Amino acid sequence: MEIILNNKRPKYIQVFEQISKMINSGILKSDTRLPSKRTLALSLNVSLNTIVNAYDLLLDEGYIYTIEKKGYFVSNQPIVSIPSAIDIAIDSKENKIAYDFTTQAVEGFLNPNWKKLAKEIIDSSDYTNNEPFNGSPKLRAIIAKHLYENRGISVSYNQIIIGSGIEMFEHILKVIDCNSITMENPGYHKLKIIAQNIGIKEEYIGLDNEGALVPNKKTILYTTPFNQFPTGVKMSISRKKELIKWATETKSYIIEDDFDAEFRINSAPTTSLFTLSNDRVIFFSTFSTTLFPGLRLSYAILPINVLNKYEEKYNKYSNTVSSLSQKILAEFINRGYYASHINKLKRLYLRKREKCIEVLSKYNIEYDGKKNYLSLLIKLPDFKMKEDIKIQSLASYDINNKKTDVYILGYTSIPIDEIDEAIKVLIK
């Protein structure tokens with residue numbers, strides 16, 4: 001019985017694994033007597049406790065049995081084929097991205113107040129219990145207050161649910177009486193995957209200069225009315241009213257993604273679809289774009305009839321966002337740090353946007369100057385992607401992958417003093 005040991009893992013584990021492998025593969029047959037603990041310890045030059053622990057593990061799992069004063073024997077059991085061990089190598093040759101122009105990337109989140117609150121809450125141990133299925137009541141109440149003060153949306157905190165990203169719709173869609181979801185095209189199509197996973201048919205609708213077109217049948221319409229992604233079209237009030245009229249008449253629902261709304265150029269909030277109809281609109285927003293993507297904390301406001309079904313179906317579930325994250329965010333907003341952070345980001349992103357326009361003009365690159373904070377649409381004829389550059393084409397958000405030379409220039413992750421060089425490398 002050959003056993004080879006190394007210093008990478010506990011030796012008793014190695015002895016256990018190698019003997020069990022010999023038993024599983026039939027090398028050690030049923031009722032074969034194993035070496036005594038002392039004999040095996042001497043032959044392997046290990047302590048007696050190492051062999052005792054290994055044999056105890058083998059006994060616990062039923063690989064071997066013992067007869068008093070006679071020793072240890074292999075149990076009678078089926079032979080199974082054990083696959084060969086595979087060395088897991090970590091590939092250190094990752095493609096280093098020089099400049100990331102995607103809109104999901106952000107410059108390092110270094111807010112000292114977030115770190116201060118994290119330490120404060122961890123030290124207090126006030127985060128160790130689970131939150132209710134719909135999220136922390138305190139955080140939901142603070143979000144309701146924030147929506148009223150910043151977006152003019154009046155809603156009870158009881159209608160707000162907390163979840164992890166847009167994936168929270170995997171549950172929400174299951175309680176809506178509708179068998180199709182319609183998405184803008186071009187647009188953000190993450191809901192396509194969710195719809196496919198739960199058996200809902202996905203469809204698409206075009207845009208004009210007033211926003212998403214009005215569907216002609218009952219469906220769930222997903223739209224980004226404040227600042228349509230990726231085109232930047234802002235939905236007109238007349239189109240919003242047309243959509244509400246359609247949803248009411250067909251008993252459809254609208255998912256209003258409040259994408260980019262925190263980063264409005266002027267301070268006046270636009271009329272949300274939810275304020276026009278709180279029984280046909282599901283309002284959705286995320287803190288991933290305003291804080292950092294890894295936070296994975298979003299929320300939705302559900303109409304009462306949808307909320308009742310949601311609560312009935314999921315009230316025994318656990319919330320998918322950590323209690324720690326929810327408590328830090330609640331205090332971050334409540335103490336005014338979030339508003340300060342947003343104002344700082346708005347000023348920074350506006351400066352970055354202006355710098356991008358200045359550099360693009362210098363290189364005679366055509367761009368679409370629609371007012372948004374996170375990106376610009378630019379034309380790059382005959383552009384070929386390089387490994388050290390990350391940028392998305394408008395075609396990647398078109399369900400038909402319609403060929404275009406328009407690209408989405410996101411600048412949130414590029415330091416402002418590197419924008420000139422970044423764009424130079426992009427168009428070189």
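Just so you know, these numbers come straight off a predicted model, no measurement behind them.
Heavy-atom contacts from other residues, nucleotides or ligands closer than 6.0 Å to OH of Y363 number more than 12. The environment of R38 atom CZ is sparse: at most 12 non-hydrogen atoms of other residues, nucleotides or ligands sit within 6.0 angstrom.
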Starting from the C-alpha separation in whole Å, work towards a yes-or-no answer on ring-ring contact (aromatic ring centres under 6.0 Å, His included) for F287 and F292.
CA-CA 7 Å; F287 291 97; F292 52 95; over 10 Å; no
What verdict does the side chain to side chain contact (heavy atoms under 4.5 Å, CB included) test give for H341 and L291, after you've listed the backbone C-alpha separation in whole Å, the side-chain angles of each residue and the deciding distance to 0.1 Å?
CA-CA 8 Å; H341 169 74; L291 293 172; 3.7 Å; yes
Side chain to side chain contact (heavy atoms under 4.5 Å, CB included) between L191 and I166: does it pass, once the steps are laid out?
CA-CA 8 Å; L191 276 175; I166 202 166; 3.9 Å; yes
Would you please test V15 and I3 for side chain to side chain contact (heavy atoms under 4.5 Å, CB included) and show each step?
CA-CA 7 Å; V15 173; I3 295 176; 4.3 Å; yes
Apply ring-ring contact (aromatic ring centres under 6.0 Å, His included) to the pair Y72 and Y65, showing each step before the final yes or no.
CA-CA 6 Å; Y72 295 89; Y65 63 93; 9.5 Å; no
Just do the side chain to side chain contact (heavy atoms under 4.5 Å, CB included) check on L273 and T223 with the steps written out, would you?
CA-CA 10 Å; L273 286 161; T223 180; 3.9 Å; yes
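Annotation: side chain of S298 is in contact with side chain of M168 (closest heavy-atom distance under 4.5 Å). Between L173 and I198 the shortest side-chain heavy-atom distance falls below 4.5 Å. Two residues are said to be in side-chain contact when any heavy atoms from C-beta on lie closer than 4.5 Å; I399 and E202 fail this criterion. For the pair I23 and K29, the minimum side-chain heavy-atom distance is 4.5 Å or more. Residues N179 and I200 are not in side-chain contact: their nearest non-hydrogen atoms beyond the backbone lie 4.5 Å or more apart. Between N319 and F133, the closest side-chain pair of non-hydrogen atoms is not below 4.5 Å. No side-chain heavy atom of Q326 sits less than 4.5 Å from a side-chain heavy atom of Y127. Counting heavy atoms from C-beta outward, I419 and C356 have side chains that approach closer than 4.5 Å.
With rounding to the nearest 0.5 angstrom, the CZ atom of R33 is 14.0 Å from the CG atom of L28. Residue I333 holds its CD1 atom at 6.0 Å from CG of L139, rounded to the nearest 0.5 Å. One distance of note links CZ of R353 with OG1 of T412; it measures 14.0 Å at 0.5 Å rounding. Note: S396 OG to K402 NZ = 14.5 Å, rounded to the nearest 0.5 Å. To the nearest 0.5 Å, atoms CG (N278) and CG (L302) are separated by 12.0 Å. We find the CD1-NE2 distance between I161 and H171 to be 10.0 Å, quoted to the nearest 0.5 Å.
With 3.5 Å as the limit, one finds no donor-acceptor pair spanning the side chains of E184 and Y222. Side chains of S47 and N49: a donor-acceptor N/O pair is absent below 3.5 angstrom, by distance only. Side-chain contact of Q228 with T231: a donor-acceptor pair under 3.5 Å is present, judged by distance alone. Side chains of E262 and N150: no donor on one and acceptor on the other come within 3.5 Å. A donor-acceptor pair shorter than 3.5 Å can be found between the side chains of S325 and S322. In the model, S30 has a side-chain atom that pairs as donor or acceptor with a side-chain atom of N76 under 3.5 Å. No side-chain N or O of T219 forms a donor-acceptor pair with one of S252 less than 3.5 Å apart.
Taking both residues in full, the closest heavy atoms of N158 and L307 are given as O-CD2, 3.5 Å, listed atom of the first, atom of the second, then distance. Considering all non-hydrogen atoms of both residues, I162 and I143 come closest at CD1-CD1, 3.8 Å. Looking at every heavy atom in both residues, E256 comes nearest to F274 through OE1-N, 3.0 Å. Pairing each heavy atom of I408 with each of I391, the nearest pair is O-CG1, 3.4 Å. Pairing each heavy atom of I64 with each of Y55, the nearest pair is CD1-O, 3.8 Å. Closest approach of S272 and R151 over heavy atoms only: CB-NH2, 4.0 Å.
Salt bridge status for K218 with E203: absent, with no side-chain N to carboxylate O gap under 4.0 Å. Taking 4.0 Å as the cut-off between side-chain N and carboxylate O, D123 and K119 count as a salt-bridged pair.
Within the structure, salt bridge (Lys or Arg N to Asp or Glu O under 4.0 Å) pairs that include any residue of residues 51-73 do not occur (at least two apart or interchain). A salt bridge (Lys or Arg N to Asp or Glu O under 4.0 Å) check over residues 296-308, counting only residues at least two apart or in different chains, returns the pairs E167-R296. Among residues at least two apart or in separate chains, side chain to side chain donor-acceptor pair (under 3.5 Å) pairs with a member in residues 305-316 are Y253-N305. Applying the salt bridge (Lys or Arg N to Asp or Glu O under 4.0 Å) definition to pairs two or more places apart or across chains, those involving residues 131-148 are E131-K327, K138-E331, K145-E149.
For D279, the side-chain hydrogen bond (donor to acceptor under 3.5 Å, both in side chains) partners at least two apart in sequence or on another chain are S277.
Judged by distance alone, the side chain of S323 and the main-chain N or O of N130 form no donor-acceptor pair under 3.5 Å. Listed for the S164 side chain is no donor-acceptor partner under 3.5 Å among the backbone atoms of L297. At least one donor-acceptor pair under 3.5 Å links the side chain of T404 to the backbone N or O of V406. Panel note: side chain T39, backbone P35; no donor-acceptor pair is recorded below 3.5 Å.
Aromatic ring centroids of F229 and Y397 lie under 6.0 Å apart. Here the two rings, on F259 and F226, have centers that are 6.0 Å apart or farther. Aromatic rings from F169 and F284 are positioned such that their centres are separated by under 6.0 Å.
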Below 3.5 Å, can you tabulate the donor-acceptor pairs from side chains in residues 110-117 to any protein atom, sequence neighbours excluded?
from: N111; atom 1: OD1; to: N113; atom 2: N; distance (Å): 2.9
from: N111; atom 1: OD1; to: W114; atom 2: N; distance (Å): 3.4
from: K116; atom 1: NZ; to: Y337; atom 2: OH; distance (Å): 2.8

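For K379 and Y367, the positive end is not near the middle of the six-membered ring at less than 6.0 Å and at most 45° from its axis.
Below 30°, between 30° and 60°, or above 60°: for Y63 and F16 the angle between ring planes is above 60°, a perpendicular geometry.
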